[in-house]
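Beneath this line is the structure, given in structure tokens, with notes to follow.
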Amino acid sequence: MPELPEVETLRQDLAKEVVGRKIRAVAVANGRSVRRHQSAKHFRALLEGRTIKAVGRVGKYLLMTLDSGDVLVIHLGMSGQLFRVRDGKEPKPKHTHVVIAFHQGGELRYVDPRTFGELFVSAAPKGVPPELDHLGFDPLEDPMSWERFALLLRAHHCGLKALLMNQQFVAGIGNLYSDEILFASGLRYDRLSDSLSTTEVRRLYRAMVETLTEAVKHRGSTLADEQYRDLFGEVGEYQGQHQVYDREGQPCRRCRNPIVRVKTGGRSTFFCEHCQV
DNA sequence: ACGCCCGCCTGTAAGC
DNA sequence: TGCTTACAGGCGGGCG
């Protein structure tokens, strides 16, 4: 379940691996992954012959800027994976839906069992795809003052977890990192966003930036299902640092009380009843 | 305006 | 043992 740290890890590796490479051919094996285009042929035509100039990220979206000015947008959804393969003859994993082959050899493969993810090419007139206009600020790319963050929080009246996971408010945080951020903040998932003291606002902002930064340093989280793999097929290292996520019944690393799991909105939330108020 | 639920999907694992 | 069911959850959309 790639969230900001996993996507940022991919972005950093992609920047080293594919910038400057010219696309020789694109193969689409499953049209569901390129839903926004009239046809897979149209999608391919916008990519073939183009050179990748830069790799960016907004929230959970990867942005590959092409020499045409267009941007290849990749969203991994729940189960999407990107693999850089040197030899195209290597056996393809099941659910390999899109293959981007380069002139200089090798290819980039998009694999996605649950097909919640998607790829599309955006005209991006201002360099930023208008399809992503709805996204809120990126916690690592768009730093802001505590005062401004406090204003944004107070503009809403909803539970902190729901707000952190709302991509229109802040882009890139999902179920796993929202729980970790709230533990690091010492705040409960159901605290209302307009009820925080100045100190709590600062703790939340600081925890958000620090938790995500630390997770990027550890190359993201790979859970028991081993769903997340990096560009080279390796697992992340941040799962060992988790304080609450997927730790139901295990002792809180801070106070030793058992971590509690509750269902909210059909999703699991993990937290410490003692450390989070 | 937000909470809540569904549908989209497949792989895994628990339960009967 | 083998089938069924639940669960995992990002995101958009519908409903209350």
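Just so you know, these numbers use all the heavy atoms, side chains as well, and skip hydrogens, waters and symmetry mates. A, B, ... follow the sequence lines: proteins, then strands. Residue 1 opens every chain.
When the P atom of C:dC7 is taken as reference, atom CZ of A:F270 falls 12 Å away, rounded to whole Å. Atom pair A:F169:CZ and C:dC11:C1' shows a separation of 19 Å (rounding to whole Å applied). Remark: C1' of B:dC2 and CG of A:L160 are 14 Å apart, rounded to the nearest angstrom.
Between A:R57 and A:E8 there is a salt bridge, since at least one side-chain N of the basic residue sits less than 4.0 Å from a carboxylate O of the acidic one.
Note on A:R32: a side-chain N or O is less than 4.0 Å away from OP1 or OP2 of B:dC9. Phosphate proximity of B:dC2 to A:H156: present, with a side-chain N or O under 4.0 Å from OP1 or OP2. Remark: A:Q167 is in phosphate contact with C:dC11, judged by side-chain N or O atoms under 4.0 Å from OP1 or OP2. Applying the 4.0 Å criterion to OP1 and OP2 of B:dG11, one finds that A:H95 has a side-chain N or O inside that range. Contact check, A:H75 against C:dG10: no side-chain N or O comes under 4.0 Å of OP1 or OP2. Distances shown here put every side-chain N or O of A:K94 at or beyond 4.0 Å from the OP1 or OP2 atom of B:dT10.
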Any chance you could lay out the side-chain hydrogen bond (donor to acceptor under 3.5 Å, both in side chains) test for A:D230 and A:T9, step after step, and finish with the verdict?
CA-CA 7 Å; A:D230 70 14; A:T9 301; over 6 Å; no

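Among the nucleotides B:dC9, C:dG9, C:dC11, the one closest to the side chain of A:T115 is B:dC9. Nearest to the side chain of A:Y245, among C:dC11, C:dG9, B:dC9, sits C:dG9. Nearest nucleotide to the A:N175 side chain, out of B:dG3, B:dC8, C:dG10: C:dG10.
The residue among A:K263 and A:I173 whose nearest nucleotide of DNA chain C is located toward the 5' end is A:K263. When each of A:R267 and A:L163 is assigned the nucleotide of DNA chain B with its nearest heavy atom, A:L163 is the one assigned upstream, toward the 5' end.
Residue contacts for A:T264: at a heavy-atom cut-off of 4.0 Å it reaches no nucleic acid atom on any strand shown. Residue contacts shown for A:G117 are absent, as no nucleic acid heavy atom lies under 4.0 Å away.
Relative to the ring axis of A:F120, A:R36 places its NZ or CZ within 45° and under 6.0 Å from the centre. Taking the ring centre of A:Y228 as origin, the terminal cationic atom of A:R219 falls outside the region bounded by 6.0 Å and 45° from the ring axis.
Under the 3.5 Å distance criterion, the side-chain polar atoms of A:Q81 are left unmatched by any main-chain donor or acceptor of A:D112.
Remark: ring of A:F116 stacked against base of B:dC8; centroid gap under 5.5 Å, plane tilt under 30°.
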